[in-house]
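The structure under discussion appears below in the form of structure tokens.
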Amino acid sequence: MTVKKLMVIGAGQMGSGIAQVCAQAGYTVLLNDLKPEFVERGLGVIKKNLSRQVEKERMTAQQMEEVLSNLTASTDLNDAANVDLIIEAAVENMEIKTKIFNQLDEIAPAHAILASNTSSLPITEIAAATKRPEKVIGMHFMNPVPVMKLVEIIRGLATADEVYQTIEDMTKTLKKVPVEVNDFPGFVSNRILMPMINEAIFTLYEGVATKEAIDEVMKLGMNHPMGPLTLADFIGLDTCLYIMETLHEGFGDDKYRPCPLLRKYVKAGWLGKKTGRGFYTYE
Ligand SMILES: CC(=O)CC(=O)SCCNC(=O)CCNC(=O)[C@H](O)C(C)(C)COP(=O)(O)OP(=O)(O)OC[C@H]1O[C@@H](n2cnc3c(N)ncnc32)[C@H](O)[C@@H]1OP(=O)(O)O
Ligand SMILES: NC(=O)C1=CN([C@@H]2O[C@H](COP(=O)(O)OP(=O)(O)OC[C@H]3O[C@@H](n4cnc5c(N)ncnc54)[C@H](OP(=O)(O)O)[C@@H]3O)[C@@H](O)[C@H]2O)C=CC1
């Protein structure tokens, strides 16, 4: 199956990045969110990113217009009626995701593949909300999407081989590197990354060092591009907490318990860069 037209659901930091790279690769993209202002915010971020490419003379103004013409705003899930692929990047919540997939199963054409950009939730469970579990797959992009090379591709229990192949081929057309993994909580990326971030939060919580010191140790000592607390703010503290809860519940092992300080920040609405405040403050 060849993918030509696709819908991205959720115009937040991940959805807008995914829509951008797909439009740049020449796909026709519908960018969907609940309200027009959310879609406009996502399209605004894409325009800003592309304008930077034009300023750096990596793209002409005409090429930018071509990319933008591949993008259409949508606030109606019924627009998925004539697409080949849907990439869902709504909030990291199983109830919301299964509801979306259940609706999409009714709306999308029979041949369409339903992919989720979930960070940690079981693909097999999301697939079970549909009558086409063989066409459901995980397509996990990394943040910031236009920059990061990896797409972790997750096979659910029932994912068909030809569906895996279509998604692997499509990922390569986005100039990304696909890596195949099986469906276990947090997959590979967040099973390893998120406990490190959670441990950094415990290190702060227990007063071992200041936030700046913790980040500096990991940046200068381990050559990480960002310290773990800066990275947590960048990912979103709500998303970090959801992922830790999925690991904790999925493995039933207390080594994955989320740090109380992470819970407190999320309850306060300090979600990181996207809300202007997390471990650090942002303009
Ligand atoms: C939670 C999950 O489920 C999975 C995840 O995604 S976990 C998060 C994975 N991501 C990471 O770990 C990111 C770690 N951080 C980094 O790699 C780097 O700090 C970074 C790429 C974000 C920024 O890099 P930097 O060198 O510090 O800054 P900067 O020089 O401003 O940016 C480097 C390039 O990235 C681009 N860039 C930075 N942020 C960007 C963004 N949000 N969107 C688009 N482009 C961006 C810049 O334009 C710049 O491009 P050029 O080199 O082409 O000019
Ligand atoms: N942040 C990261 O580093 C990464 C996140 N992910 C995953 O990507 C997904 C999105 O994360 P991220 O972009 O960071 O989150 P954001 O909060 O930035 O964006 C989520 C967007 O989805 C919208 N949304 C919520 N419910 C629905 C719905 N029912 N239909 C359509 N849109 C909806 C939200 O609207 P509203 O504002 O109203 O809530 C918001 O615009 C999550 O599953 C996350 O785990 C994957 C890789 C990396």
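In each ligand, atom 1 is the first atom listed, and ligand 1 is the first ligand listed. Positions are given from 1, in the same order as the sequence printed here. None of the values given here were measured: they were computed from a predicted structure.
Among the candidates Val8, Ile100, Ile86, Leu77, the single residue satisfying the side-chain contact (heavy atoms from CB on, under 4.5 Å) test with Asn32 is Leu77.
Taking distance alone, with nitrogen or oxygen atoms compared against 3.5 Å, Ile235 approaches ligand 2 more closely than that limit. Checked against a 3.5 angstrom limit, the closest N/O atoms of Thr239 and ligand 2 fall outside it. Considering backbone and side-chain N/O of Glu92, one or more are found under 3.5 Å from N/O of ligand 2. At least one N/O-N/O distance between Ala90 and ligand 2 falls below 3.5 Å. Geometrically, ligand 2 and Arg41 share a nitrogen or oxygen pair separated by less than 3.5 Å. Considering backbone and side-chain N/O atoms, His140 never comes within less than 3.5 Å of an N/O atom of ligand 2. The shortest N or O to N or O distance between Met14 and ligand 2 is under 3.5 Å.
At least one heavy atom of Lys97 sits closer than 4.0 Å to an atom of ligand 2. In this structure, Gly236 falls outside the shell of residues with a heavy atom less than 4.0 angstrom from ligand 2.
Sequence neighbours left out, the pairs with a member in residues 258-283 that pass ring pair (Phe, Tyr, Trp, His ring centres under 6.0 Å) are Tyr265-Trp270, Tyr265-Phe279. Within the structure, every pair that satisfies the ring pair (Phe, Tyr, Trp, His ring centres under 6.0 Å) test and touches residues 236-259, not counting sequence neighbours, is listed here: Phe251-Tyr256.
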Please set out all donor-acceptor pairs under 3.5 angstrom arising from side-chain atoms of residues 88-99, sequence neighbours excluded.
| from | atom 1 | to | atom 2 | distance (Å) |
| --- | --- | --- | --- | --- |
| Glu88 | OE1 | Lys97 | NZ | 3.4 |
| Glu88 | OE1 | Ser116 | OG | 2.6 |
| Glu88 | OE2 | Ala90 | N | 2.9 |
| Glu88 | OE2 | Lys97 | NZ | 2.5 |
| Glu92 | OE1 | Thr118 | OG1 | 3.1 |
| Glu92 | OE1 | Ser119 | N | 3.3 |
| Glu92 | OE2 | Thr118 | OG1 | 2.9 |
| Glu92 | OE2 | Ser119 | N | 3.1 |
| Glu92 | OE2 | Ser120 | N | 2.9 |
| Glu92 | OE2 | Ser120 | OG | 2.9 |
| Asn93 | OD1 | Glu95 | N | 2.9 |
| Asn93 | OD1 | Ile96 | N | 3.0 |
| Lys97 | NZ | Ala90 | O | 3.1 |
| Lys97 | NZ | Val91 | O | 3.2 |
| Thr98 | OG1 | Met94 | O | 2.8 |
| Thr98 | OG1 | Glu95 | O | 3.1 |

CA sep, side-chain torsions, deciding dist, call: Glu37, Arg41, salt bridge (charged side-chain N to carboxylate O under 4.0 Å, His left out): CA-CA 6 Å; Glu37 56 265 36; Arg41 187 188 54 194; over 6 Å; no
Steps toward salt bridge (charged side-chain N to carboxylate O under 4.0 Å, His left out) verdict (Lys274, Asp233): CA-CA 8 Å; Lys274 65 183 169 187; Asp233 274 358; over 6 Å; no
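Of the protein's heavy atoms, Leu34 CD2, 3.5 Å lies nearest to atom 30 (N) of ligand 2.
Considering each of Ile18, Thr75, Asp33, the one bringing a non-hydrogen atom nearest atom 34 (C) of ligand 2 is Asp33.
When only modelled atom types and interatomic distance are considered, Asp183 and Thr124 share a side-chain donor-acceptor pair under 3.5 Å. Of the N and O atoms on the side chains of Gln165 and Asp169, at least one donor lies less than 3.5 Å from an acceptor on the other residue.
Sorted by chain and number, the heavy-atom contacts of ligand 1 below 4.0 Å come from Asn49, Arg52, Lys56, Arg58, Ser119, His140, Met142, Asn143, Pro144, Pro146, Val147, Met148, Asn190, Leu193, Pro225, Met226, Leu231, Ile235.
Ion pairing between Glu40 and Lys47 fails under the 4.0 Å rule for side-chain N and carboxylate O.
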